[in-house]
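Structure record follows, encoded as structure tokens.
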Amino acid sequence: MAWDFETDPAFQQQLDWMDVFVRDSNTQTTELVSVGPSGQALALGGFQSSMSGDGRFVAFMSRSSEWSGGPPFTQPQLWLRDRVLGSTE
């Protein structure tokens, strides 16, 4: 299950932006998936997520610009997290 949330339920901290999480009901773990290529949480988080049927890929929107090195995007950009490879593009 993937969802967008303003409060991180796993880490119990208030976030300034929405983030995208995946909950694995088999292992009872919650994973932050709106992260950049380095695996760090995005400055402006993520929203409007969608997950593939097998749970490997999570697509989400974000205005964060960690990838470009410039100011935040004025329009949200679509990003894809591969949970198996641990990569975001």
Next item on the list: Decide yes or no on side chain to side chain contact (heavy atoms under 4.5 Å, CB included) for Q40 and V35, but give the supporting numbers first.
Entry: CA-CA 5 Å; Q40 299 230 346; V35 298; over 6 Å; no
Note to self: Test side chain to side chain contact (heavy atoms under 4.5 Å, CB included) on L32 and V20; report intermediate values, then the result.
What the structure shows: CA-CA 6 Å; L32 173 67; V20 178; 6.0 Å; no
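Heavy atoms only, all atoms of each residue included: S62 and G45 are closest at OG-O, 2.6 Å.
With sequence neighbours excluded, no residue forms a side-chain hydrogen bond (donor to acceptor under 3.5 Å, both in side chains) with S87. With sequence neighbours excluded, no residue forms a side-chain hydrogen bond (donor to acceptor under 3.5 Å, both in side chains) with Q75. Qualifying side-chain hydrogen bond (donor to acceptor under 3.5 Å, both in side chains) partners for T29, counting only residues two or more places apart in sequence or in other chains: T27. For E31, the side-chain hydrogen bond (donor to acceptor under 3.5 Å, both in side chains) partners at least two apart in sequence or on another chain are R83.
Residues in residues 43-53 take part in no salt bridge (charged side-chain N to carboxylate O under 4.0 Å, His left out) pair, two or more places apart or across chains. The salt bridge (charged side-chain N to carboxylate O under 4.0 Å, His left out) analysis of residues 32-43, with sequence neighbours excluded, yields no pairs. The list of salt bridge (charged side-chain N to carboxylate O under 4.0 Å, His left out) pairs with a residue in residues 34-48, not counting sequence neighbours, is empty.
Rounded to the nearest 0.5 Å, atoms CG (D24) and OG1 (T30) are 9.0 Å apart. Note that OG of S34 is 6.5 Å distant from CZ of F21, once rounded to the nearest 0.5 Å. Distance check: L80 CG to E89 CD gives 6.0 Å after rounding to the nearest 0.5 Å. The line from CD of Q48 to CG of L78 is 10.0 Å long, rounded to the nearest 0.5 Å.
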Check residues 53-61 and write down every donor-acceptor pair under 3.5 Å in which the side-chain atom is one partner and the other belongs to a residue at least two apart or another chain.
from : atom 1 : to  : atom 2 : distance (Å)
D54  : OD1    : S52 : OG     : 2.7
D54  : OD1    : R56 : N      : 3.0
R56  : NE     : D82 : OD1    : 2.9
R56  : NE     : D82 : OD2    : 3.2
R56  : NH2    : D82 : OD2    : 2.8

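Within the 4.5 Å cutoff, side-chain heavy atoms of P76 are placed close to those of F47.
Using a distance-only test at 3.5 Å, with no hydrogens or angles considered, a donor-acceptor pair links the side chain of R81 to the main chain of G86.
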